[in-house]
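Let me begin by presenting the structure, written as structure tokens, before commenting on it.
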Protein chains: 2
Amino acid sequence: MPGRSSADAGGPAGGAGAPAVIGAGGVAAGLSTSDRILSAALASFATRGYDATSLDALAKGLELTKQSILYWFPSKDAVLEAVIAWSAADLSGALETALRGAGTGWVRVEAVVRSVFRLAARQPELLGLLREVSRLGPPAATQMFVALEPLVQRASAFLEAEMDAGTMRRHDPRLLLLAIYSTVIGMVTEVEVLRALGEEPTARSLVRRRTDVLALLRSALVIAPGEQARPQD
Amino acid sequence: MPGRSSADAGGPAGGAGAPAVIGAGGVAAGLSTSDRILSAALASFATRGYDATSLDALAKGLELTKQSILYWFPSKDAVLEAVIAWSAADLSGALETALRGAGTGWVRVEAVVRSVFRLAARQPELLGLLREVSRLGPPAATQMFVALEPLVQRASAFLEAEMDAGTMRRHDPRLLLLAIYSTVIGMVTEVEVLRALGEEPTARSLVRRRTDVLALLRSALVIAPGEQARPQD
DNA sequence: GAATCTGTCTACCATTTGGTAAGTGAGCAT
DNA sequence: ATGCTCACTTACCAAATGGTAGACAGATTC
């Protein structure tokens, strides 16, 4: 259990190599070295976990040496920090995009959930990292959630407004948010539980899970037209 | 990433020291050494994680040496295995007890959820371990879920029966189970997310979360008396 | 052509890791 | 008293870990 404390990536990579391409999609292609490191680190942190990822192993996968990684990032912690910053920006971006075109009420919720599932299909590591970072606790978790706070604020305010308008059942908005978060993230990242349930985590399965979770959330949240808006119960 | 493979605890501890006290509750008291090791390992695996838990640190906390741990368990993997076996039995026991007195329909779901929250209050490490093990993947995850499979079967069958009876909305039972699992476990173990939402994880908060998640699940699952049982929507 | 900067590498290093080997002392049965 | 098992310890060890120091090749700049 090392420090995993602050370290502002003081080396050559202030934030990212030169052009700061934030959302570099799939496998490492013609990326800068620092971006390739970030990409590999993201994948490994998300799947194997931070502790189980050694700089040597990371470097080997990139056909580099550990020292090259430490040239771009002053320490392993700094790599994690950079990965978090990168991922948080990417995540925010995806959700912001989804929100831009979305309407109100249930449609809006659905748009967000759909975008998360889209993300899960295209870049599963991102959501995996979210899990891992939340598991690691401070300071990593703090960094991540501070970066995502604007989204949380918006979501919380939105839910509250809907509840005030009587279109969604009344709950503590923050706890409701946690519930939605847990459900969606779980449906997307709980690969082992899925397997234990006899459901192989394929692309087709992902679509089914999306359909199911949407139906579930809908009946949990939305107050049907004829239905009366009960205060709590 | 070591082996973490099979190793059937061949040493002095076949399964647990002598009396095989399965559900030894709180802090290590007058327990046998092997049980004290298990208890400490459970706590550390659940909070710090398996990889970040060293045998030395574990031993130090118990005022033992690492070699004493390796006397009772042939390897670190074996400790994990024993912890999983122990925890799975404990978990099963708690849920079985909850199920014994429970009725049918929503009441039954509520009983289970309540028992999980009770567990979260009394022995948070148990649920933390569940998370960690599911993150570790095979073989640890396999072992855990195989041990819990009977419960999964019962739960799945129960949900299906309720849906057939028209008392619960129709979903894929397994996916529904995953959703419930994710929600409840998330509400109970996502400490960092909770903090990010400005909700300190106190005992009082746990009660509020229980109330909230129950209300949420209820409206998600239960088909209201007057409501028509739609096939899918 | 000399100096500098960049990106990578080789060579180390202290520490920590899981694990082995070989005791040691207490209790107990013969 | 002797031998034996039990519980635990000291003494090691090889491998892996994160990290430092310094060299080297290729550009770029003066």
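The figures that follow rest on heavy atoms only: side chains count, while hydrogens, waters and symmetry mates do not. No experiment lies behind these values; they were computed from the predicted model shown. Proteins come first, then strands; the chains are lettered A, B, ... in the order of their sequence lines, and each starts at number 1.
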Next item on the list: Check for a donor-acceptor pair, side chain of Ser68(A) on one end and backbone N or O of Leu64(A) on the other, with a separation under 3.5 Å.
Entry: no
Next item on the list: Determine the contact category for Leu70(A): base if any of its heavy atoms lies under 4.0 Å from a base atom, sugar-phosphate if only primed atoms, P, OP1 or OP2 are that close, otherwise nothing.
Entry: base
Note to self: It should be established whether Trp72(B) places a side-chain nitrogen or oxygen under 4.0 Å from OP1 or OP2 of nucleotide dC8(D).
What the structure shows: yes
Item checked: Spacing between Leu62(B) atom CG and dA7(D) atom C1', to the nearest angstrom -> 15 Å
Next item on the list: Verify whether one side chain among Ser205(A) and Arg209(A) offers a donor that lies under 3.5 Å from an acceptor in the other.
Entry: yes
Next item on the list: Using atom NZ of Lys60(B) as one end and atom C1' of dT16(C) as the other, report the distance to the nearest whole Å.
Entry: 12 Å
Next item on the list: Given salt bridge (Lys or Arg N to Asp or Glu O under 4.0 Å), test Arg114(A) with Glu110(A) step by step and report yes or no.
Entry: CA-CA 6 Å; Arg114(A) 278 180 184 276; Glu110(A) 186 166 349; 3.1 Å; yes
Notebook entry, point to check: Once you round it to whole Å, what is the distance between P of dT8(C) and CZ of Phe73(A)?
Noted result: 11 Å
Next item on the list: Could you state the atom-to-atom distance from CG of Asp51(A) to C1' of dT17(C) in whole Å?
Entry: 13 Å
Item checked: Pair Thr183(A)-Thr183(B), side-chain donor/acceptor within less than 3.5 Å -> yes
Next item on the list: To the nearest Å, give me how far apart NZ (Lys76(A)) and P (dT17(D)) are.
Entry: 9 Å
Per-pair distances, 0.1 Å, donor-acceptor, side chain in residues 134-144 of chain B, under 3.5 Å, sequence neighbours excluded:
residue   : atom : partner   : partner atom : Å
Ser134(B) : OG   : Glu190(A) : OE1          : 2.8
Arg135(B) : NE   : Glu132(B) : OE1          : 3.1
Arg135(B) : NH1  : Glu132(A) : OE1          : 3.3
Arg135(B) : NH2  : Glu132(B) : OE2          : 3.2
Gln143(B) : NE2  : Glu81(B)  : O            : 3.1

Check: Taking atom C1' of dA7(D) as reference, at what distance in whole Å does atom CZ of Arg36(B) sit?
Finding: 13 Å
Item checked: Side-chain N,O (Thr33(A)) to OP1/OP2 (dT8(C)) below 4.0 Å -> yes
Margin query: Of the listed nucleotides (dT9(D), dG19(C), dG19(D)), which one gets closest to any side-chain atom of Ser68(B)?
Written below: dT9(D)
Margin query: Is it the case that the side chain of Ser44(A) and the backbone of Ala40(A) share a donor-acceptor pair, with hydrogens and angles ignored and the cut-off at 3.5 Å?
Written below: no
Let me check something: any side-chain donor-acceptor pairs from residues 147-154 of chain B under 3.5 Å, sequence neighbours excluded? List them with distances.
residue   : atom : partner  : partner atom : Å
Arg154(B) : NH1  : Glu96(B) : OE1          : 2.5

Anything under 3.5 Å between a protein N or O and an N or O of nucleotides 10-16 of chain D, put it in a table, one pair a line.
residue : atom : partner  : partner atom : Å
dA11(D) : N6   : Gln67(B) : NE2          : 3.2

Checklist line | Protein-nucleotide distance (Leu58(A), atom CG; dG19(D), atom P), rounded to Å | finding: 13 Å
Notebook entry, point to check: Can you tell which of dC9(C), dT9(D), dG19(C) lies closest to the side chain of Leu64(B)?
Noted result: dT9(D)
Checklist line | N or O in side chain of Tyr71(A) less than 4.0 angstrom from dT8(C) OP1/OP2 | finding: no
Checklist line | Euclidean distance, atom CD1 of residue Ile69(A) to atom P of dC9(C) [Å, nearest integer] | finding: 10 Å
